[in-house]
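Working notes, beginning with the structure itself.
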Amino acid sequence: MEYQSSRSSGLQHSLKQRHMSMIALGGVIGAGLFVGSGVVVQQAGPAAIVSFLITGVLVVLVMRMLGEMAVALPAVGSFYEYARLAWSDRPAVGELAGFLSGWMYWYFWVIVVALEAVAGATIVQFWLPDMPGWIISLTLLVLLTLTNMFSVKSFGEFEFWFASIKVAAIIVFLFLGGLYVFGLWPGVSSSLGNLTSQGGFAPHGIIPVLTGAVAATGFYFGAEIVTIAAAETAEPEKAVAKATNSVITRVLVFYVGSIFLVVCLVPWNSIAMKTPYVSALNSIGIKAAAEIMNAVILTAVLSALNSGLYASSRMLFALTNRGDAPRAMARLSRNGVPVRAILMGTLFGYAAVIMSYVSPDTVFAFLVNSYGTVALFVYVLIAISQLRLRARLEREDPSRLRVRMWLYPYLTYAAIFGMIAIVVAMGLIPEQRTPLLLGIVSLGLLVLAYGARMLWGKKPETATLAQEPHGYQEL
């Protein structure tokens, strides 16, 4: 049975290096940074900088692990396949790990599609207040579904420009904010006073700082899309190595650097922190700050919608290869696009949008409160897979380890410990208990689904590593 490498899948390989770099960067700069970061600052004070730094370091470590595995084995489905291979000596565990990581990842992104469609409607209503939100959500979903269905190159082009706008906005913000904060702005002296003048750097102590790190976890999720997109590039090993390195070096600057400027420019305990970046721009005298940031946030929303449809469809496509999803979802168009897998994500996403109007306090609340925890579970599985797969590659084919995890296995263990600590912390933080519980419920439902799949589905074969000219093969 052939291993679904990046060359044997039937997908096209038309994504370029510039697409990959922006997919990686755009994946971690979402609407959450521009809007949700204010909530973390209001809880932790200026020490929110530390909250974002803690979570950012964990994400950087996970991205390095993924970079190592993706360069060694560029595969459709990325970490879905790595989980299976990592546990090939214990097939039952490997199949369960792969099933859970694949479906949890699909679940995360189709919920993101729904959330961003709702958020996009709210933003567009800033300019079109009389337009019904459900019509705007449907329009945005249809437009970006068509973009994804046309070709992977069209997805890459749209994501390149969406991400370019977000990155440019952050760079301009860092430049202008830096000039103002460090006294290089005409007629302004250095303004670092807000770091300590409103009750100190950590006005509520260390616990809210750790709570903020938990809340910030979901803001960073998305960088891993680049390892899935690698299967549709001409040179996957080279593309993913460059892209993961770029996101590692820049994610901390964009997130931690911009949050540092926000807390310097806007008092953490002011009502203005509800719109942190708009308020920061207003504080340095940028006119039309609200209009500018709304346009940037809309771009971030469209980027997340675009990425969500892409990531969910490719993961569903990969799931079909092992019998973990209906084979009908694997049908490719003449342009090498899994049309049915894309439509499935769109339909599920819009069903969730409908639930946001019909059942906002039950069904939609369950989806919103569970998907972030599910994302954290995926990262834990990625780290465990890297821990085992690295040892196996070193034993069987070390030449493939052209990108290596730093200080292996110590930093891998540290990342696993850090992510488990976040899960434990969620149980100790009252406002995080519901998301944790619902995430565990979602995990339990997937375990039951796996049991049904093993009872009535075709049993998958055991994965083993065997070097091939274009990838790996199952024997």
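We number each residue from 1, following the sequence as shown.
Checking Y277 against S258 by side-chain atom types alone, a donor-acceptor pair falls below 3.5 Å.
The aromatic rings of W103 and F99 sit tilted, their planes meeting at an angle between 30° and 60°. In this pair, F221 and Y105 present their aromatic rings tilted. The plane angle is within the 30 to 60° band. Relative orientation of the F155 and Y310 rings is parallel, given thresholds of 30° and 60° on the angle between their planes.
Annotation: F417, atom CZ; neighbour count of heavy atoms from other residues, nucleotides and ligands within 6.0 Å does not exceed 12. Enclosure of atom CH2 in W185 by more than 12 non-hydrogen atoms of other residues, nucleotides or ligands within 6.0 angstrom is indicated. Heavy-atom neighbours of R331 CZ from other residues, nucleotides or ligands within 6.0 Å: at or below the threshold of 12. The neighbour count for I271 CD1, taken as heavy atoms of other residues, nucleotides or ligands under 6.0 Å away, does not exceed 12.
Scanning both residues, I228 and S78, for their nearest heavy atoms gives CG1-CB, 3.8 Å. Nearest heavy-atom pair, T373 versus P435, reported as atom, atom and distance to 0.1 Å: OG1-O, 2.9 Å. Nearest approach of G345 to L309, heavy atoms of both residues: C-CD2, 4.3 Å. Closest approach of V226 and M20 over heavy atoms only: O-CE, 3.3 Å. In plain terms, the two heavy atoms of Q198 and W268 that are nearest each other are O-NE1, 2.8 Å. Smallest separation of non-hydrogen atoms from G308 and W109: CA-CE3, 3.3 Å.
A heavy-atom distance below 4.5 Å is not found between the side chains of I49 and L53. When side chains are defined from C-beta on, F108 does not count as touching V378, because their heavy atoms never get closer than 4.5 Å. Side-chain atoms of M273 and V262, non-hydrogen and from C-beta on, do get closer than 4.5 Å to each other. Looking only at side-chain heavy atoms (C-beta outward), F377 and L100 stay at 4.5 Å or farther from each other. Side chains of L298 and W127 form a contact here, defined as non-hydrogen atoms less than 4.5 Å apart. Annotation: side chain of L343 is in contact with side chain of T145 (closest heavy-atom distance under 4.5 Å).
A salt bridge between R322 and E81 is present, with a side-chain N of the basic residue lying under 4.0 Å from a carboxylate O of the acidic one.
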Inset, instruction - Dump the intermediate steps for ring pair (Phe, Tyr, Trp, His ring centres under 6.0 Å) on Y220 and Y255, then the final yes or no. - result: CA-CA 9 Å; Y220 283 100; Y255 264 86; 4.3 Å; yes
